K.L.:
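The structure is given below, and queries will be raised subsequently.
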Amino acid sequence: SAPADAGGGRQSMEQCTGRVLGRLLKARAPETQVGPAVIQQCDAQLRSTLAAAIRSGEAGGCTVESCLTLAQQRAAEEATQAYRAQMR
């Protein structure tokens, strides 16, 4: 059940990120807006994904709050890379 929860959380996060990137691409927004937009608009999905990863043992040794900053940084970096690739 835990791996399934983690997968569902990731899928939700990917869908949210995709929606945000789609809007930013359509608006031709500056790359600097990508990370903050994804972190703000996908906060619930990111927290859910992180909680599922903790439950499944993938993110052991932390709580949602203690690992949230790291998860936000990673999500912002990954979204920015995806945005950069789609802008080409």
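None of the values given here were measured: they were computed from a predicted structure.
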K.L.:
State yes or no: do I39 and L68 share one hydrophobic cluster built from I, L, V, M, F, W and Y residues joined by side-chain heavy-atom distances below 4.5 Å, directly or via other members?
P.N.:
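Per the 4.5 Å side-chain linkage, I39 and L68 are not co-clustered.
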K.L.:
I need the M13 CE to D43 CG distance, nearest 0.5 Å.
P.N.:
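Here the rounded value is 9.0 Å.
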K.L.:
Would you confirm whether S48, through its side chain, and A44, through its main-chain N or O, come within 3.5 Å as a donor-acceptor pair?
P.N.:
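A pair under 3.5 Å: no.
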K.L.:
Report the distance from atom CD of Q86 to atom CG of L25, rounding to the nearest 0.5 Å.
P.N.:
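It is 5.0 Å, given to the nearest 0.5 Å.
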K.L.:
Measure across T80 and G35 and return the closest heavy-atom pair with its distance rounded to 0.1 Å.
P.N.:
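Result for this residue pair: OG1-N, 3.9 Å.
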K.L.:
Would you name the heavy atoms of S56 and E58 that are closest together and state the gap between them?
P.N.:
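What the structure gives for the nearest pair is OG-OE2, 3.1 Å.
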K.L.:
Which atom names give the shortest non-hydrogen contact between V38 and T17, and what distance separates them?
P.N.:
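It is CG1-OG1, 3.9 Å.
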K.L.:
Can you name the nearest heavy-atom pair linking A37 to L24, along with the distance?
P.N.:
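Closest approach of A37 to L24: CB-CD1, 4.1 Å.
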K.L.:
Grab the two heavy atoms, one from V20 and one from C42, that are nearest each other, plus how far apart they are.
P.N.:
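Minimum heavy-atom separation between V20 and C42: CG2-SG, 3.9 Å.
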K.L.:
How far does CE of M87 sit from CZ of R28, to the nearest 0.5 angstrom?
P.N.:
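Here the rounded value is 3.5 Å.
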K.L.:
Which residues pass the side-chain hydrogen bond (donor to acceptor under 3.5 Å, both in side chains) test with E65, sequence neighbours left out?
P.N.:
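In terms of side-chain hydrogen bond (donor to acceptor under 3.5 Å, both in side chains), with neighbours along the sequence ignored, E65 is linked to R47.
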K.L.:
Going by side chain to side chain contact (heavy atoms under 4.5 Å, CB included), name the residues that satisfy it together with Q81, two or more places apart in sequence or in a different chain.
P.N.:
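Listed in chain order: R84.
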K.L.:
Look up atom CG in L46 and atom CZ in R74, then write down how far apart they are to the nearest 0.5 Å.
P.N.:
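Result: 10.5 Å between the selected atoms.
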K.L.:
Please assess R55 against L50 for the test side chain to side chain contact (heavy atoms under 4.5 Å, CB included), listing each intermediate value before the final yes or no.
P.N.:
CA-CA 9 Å; R55 283 193 305 274; L50 181 54; over 6 Å; no
K.L.:
Filter on disulfide (SG to SG under 2.5 Å), then keep only pairs touching residues 43-88, sequence neighbours left out; what's left?
P.N.:
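Applying disulfide (SG to SG under 2.5 Å) to every pair that reaches into residues 43-88, excluding sequence neighbours, yields C62-C67.
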K.L.:
Can you tell me if Q41 and R23 form a side-chain donor-acceptor pair at under 3.5 Å?
P.N.:
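Yes.
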K.L.:
Look at the side chain of Y83 and the backbone N and O of A29, then say whether any donor-acceptor pair between them is shorter than 3.5 Å.
P.N.:
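Side chain of Y83 to backbone of A29, a donor-acceptor pair under 3.5 Å: yes, one is there.
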